[in-house]
Amino acid sequence: MSKPQPPVQKNQTIEVTFEDLTHEGNGVGKVDGYPLFVPYALPGETGQVKVIKVKKNFGFGKLLDVEEESQERVEPPCNVYVQCGGCQLQHMSYSLQLDMKQKQVKDAMHKIGHLSDVPVHPVIGMDDPWRYRNKIQIPVGEKDDGGLKAGFYRKRSHEIIDMDKCIIQDEHNDRMVEAVRRIAEQYGIEAYKEEYHSGVLRHIMVRTGQHTGDIMVVLVTKTKKLPHQDAIVNEIRETFPNVKSIVHNVNSKKTNVILGEQTNVIWGDKYIVDQIGDIKFNISPKSFYQVNPTQTKRLYDQALEYADLKGHETVVDAYCGIGTISLFLAQKAKSVLGVEVVAPAVDDAKKNAKLNDIENAEFYVGEAESLLPWWQAQGLQPDVIVVDPPRKGCDESLLKAMIEMKPEKIVYVSCNPSTLARDLRILEDGGFETQEVQPVDMFPQTGHIECVSQIVLKEEAGSQ
């Protein structure tokens, strides 16, 4: 018996009515029950679509024309939006973006975690969902006339789109990148050529303290020396008096990793300082620091609310980074133990504790899944465990260690609803109960969403 063929063919042009969105923001339309995923299409719209890929159970299309527009469609304010791979959602209203992200979390909780009864609250959005990023790292290439261009890569390629602004970046970052590109061009600095692994300037990185106004500029080169270094430093300082630090990073490897191992401060301070709430942070070129401080404050306030600290608790922060969440927790807890596998981040965390005169937070280098069982064997019984893992979620052995430690509460901060739902299911099966999930929009105009989840030990849940 022959298998039924899909009702569409590659390169066919058809009319499609869209009824849903994928988690990436693509429109979903069906042809005789066969799903087509089409970028830039919105639910309720009808349009002409060219079929570009046909698989057994679904296909992909390109939107040629919209015949009936959704009221949620907006004109993207960025003139390279369609070419650039940075944002995915500028064509939809911000309210639809927030609804889409809440649905993404609900779907993950239902389909992956089998936790349909857990409340997923409306997403905490931004009053102004633009100009929020405090860090830009942008590749440099060569123009046809031999000059320098700087811009993000075209979607699914390493072709640089020449651009003079990015409207989700802090305006200082835009101006700094353009100024550094112009100054480097003025001194004849050669762009790095990826295909030949030759040339000099690979990336321009700018970090801005949104609270303090401090600016750090990082020039990433293939070469060990930055040609005309002193002249370039003087030009940058004269152009932007707010610059506190100018750094030269050497990355001589053939790699997609942006920063190399050798970092030299060629003028100014080793760190810039920024502040979230009452806590100050030293930020170095390689520090992990949240790119949206406004929403980070809301995210951490939610984590603190869910931890519900009274002042007598011992708290473990199992992926502490440079101490961002740990130091917030330390303001309310008796003591905080932070764990992080990256040694320089732990050094930064200790310095940040000192910077804020916080003495009840200690930081340790190691894997949380190894340290927690060892601490348990030493008799440590944390009241609250906070986790903020990478996209892959928590290591299974860490989940097992948390289940065995039986803290009263777990606060799970996640940047990936799928792995969050998977891990919540494991914790539920281990004797915990998920009380609620609060999504926070840290990355407007993109498909990413962060969540904070409140999880309690089942005996605790029964007594609440």
Given salt bridge (charged side-chain N to carboxylate O under 4.0 Å, His left out), test Glu313 with Lys334 step by step and report yes or no. CA-CA 5 Å; Glu313 297 90 350; Lys334 179 184 174 186; over 6 Å; no
Tell me, yes or no, whether the heavy-atom count around Lys270 atom NZ, taken from other residues, nucleotides or ligands under 6.0 Å, exceeds 12. no
Evaluate the criterion side-chain contact (heavy atoms from CB on, under 4.5 Å) for residue pair Leu299 and Met442; output intermediate values, then yes/no. CA-CA 8 Å; Leu299 185 82; Met442 300 281 282; 4.3 Å; yes
Should we say atom CD of Gln71 is surrounded by more than 12 heavy atoms from elsewhere, each under 6.0 Å from it? no
Please tell me if the side chains of Val456 and Glu408 come closer than 4.5 Å, counting only heavy atoms from C-beta onward. no
Going from NZ on Lys286 to CE on Met205, what distance comes out if it is rounded to the nearest 0.5 angstrom? 10.0 Å
Do NZ/NE/NH1/NH2 and the carboxylate oxygens of Arg131 and Asp174 come within less than 4.0 Å? yes
Is the centre of the Phe18 ring less than 6.0 Å from the centre of the Phe37 ring? no
Got a list of side-chain donor-acceptor pairs under 3.5 Å for residues 209-218, not counting sequence neighbours?
residue: Gln210; atom: NE2; partner: Tyr132; partner atom: O; Å: 3.0
residue: Thr212; atom: OG1; partner: Asp214; partner atom: N; Å: 3.2
residue: Thr212; atom: OG1; partner: Val273; partner atom: O; Å: 2.5
residue: Asp214; atom: OD2; partner: Val273; partner atom: N; Å: 3.2

If you count heavy atoms of other groups shown closer than 6.0 angstrom to CD of Glu404, is the number above 12? yes
Taking side-chain contact (heavy atoms from CB on, under 4.5 Å) as the test, write out the residues that go with Ala330, two or more places apart. Val336, Ile358, Asn360, Ala361
For the residue pair Gln9 and Val51, establish whether any side-chain heavy-atom pair is separated by less than 4.5 Å. no
Going through the checks in order, is the salt bridge (charged side-chain N to carboxylate O under 4.0 Å, His left out) test met by Asp32 and Lys30? CA-CA 6 Å; Asp32 297 336; Lys30 290 184 179 173; over 6 Å; no
Tyr306 versus Ser453: any side-chain heavy-atom pair under 4.5 Å? no
Under 4.5 Å between any side-chain heavy atoms of Pro119 and His121, yes or no? yes
So, do Lys103 and Asp20 sit near enough that their side-chain heavy atoms are less than 4.5 Å apart? yes
Output, in order, the C-alpha distance, side-chain angles, deciding distance and verdict of side-chain contact (heavy atoms from CB on, under 4.5 Å) for Asp301 and Lys297. CA-CA 6 Å; Asp301 283 347; Lys297 172 74 165 58; 2.7 Å; yes
I'd like to know whether Glu261 forms a salt bridge (charged side-chain N to carboxylate O under 4.0 Å, His left out) with Lys253, so could you lay out the CA-CA distance, the side-chain angles of the two residues, the decisive distance to 0.1 Å, and finally the verdict. CA-CA 10 Å; Glu261 290 173 15; Lys253 294 181 179 176; 3.4 Å; yes
Can you check whether Thr324 reaches Tyr300 side chain to side chain, under 4.5 Å on heavy atoms? yes
Can you confirm whether Lys351 is buried at NZ, in the sense that more than 12 heavy atoms of other residues, nucleotides or ligands lie under 6.0 Å from that atom? yes
Does atom NE2 of His110 have more than 12 heavy-atom neighbours, drawn from other residues, nucleotides or ligands, at distances under 6.0 Å? no
Could you point out which residue of Thr314, Val315, Val316, Leu329 forms a side-chain contact (heavy atoms from CB on, under 4.5 Å) with Ser335? Thr314
Can you tell me if Ser70 and Glu72 form a side-chain donor-acceptor pair at under 3.5 Å? no
Straight-line distance of Asp170 CG to Asn134 CG, nearest 0.5 Å: 7.5 Å
Verify whether one side chain among Thr208 and His172 offers a donor that lies under 3.5 Å from an acceptor in the other. no
What is the ring orientation for His448 with Phe443, classed by angle as parallel under 30°, tilted 30 to 60°, or perpendicular over 60°? perpendicular
Once ring pair (Phe, Tyr, Trp, His ring centres under 6.0 Å) is applied, what residue pairs with a partner in residues 361-408 remain, sequence neighbours excluded? Tyr364-Trp375
Starting at NZ of Lys254, measure out to CD of Glu194 and round the result to the nearest 0.5 Å. 8.5 Å
Does a sphere of radius 6.0 Å around NZ in Lys165 hold more than 12 heavy atoms from other residues, nucleotides or ligands, not counting ones at 6.0 Å or beyond? no
Look at Lys101 together with Asp441 and state whether they make a salt bridge at an N to O cut-off of under 4.0 Å. yes
Are Arg422 and Asp429 close enough for a salt bridge, meaning some N to O gap below 4.0 Å? no
Charged N to carboxylate O under 4.0 angstrom, Lys350 versus Asp348? no
Heavy atoms, side chains only, cut-off 4.5 Å: are Tyr412 and Gln454 in contact? no
Looking at side-chain heavy atoms only, is the closest gap between Thr446 and Leu89 below 4.5 Å? no
Which of Phe328, Tyr271, Tyr289 passes ring-ring contact (aromatic ring centres under 6.0 Å, His included) with Phe281? Answer is Tyr289
Inspect the surroundings of CD in Glu15 and state if more than 12 heavy atoms from other residues, nucleotides or ligands are less than 6.0 Å away. yes
Between Tyr81 and His91, a side-chain donor and acceptor under 3.5 Å: yes
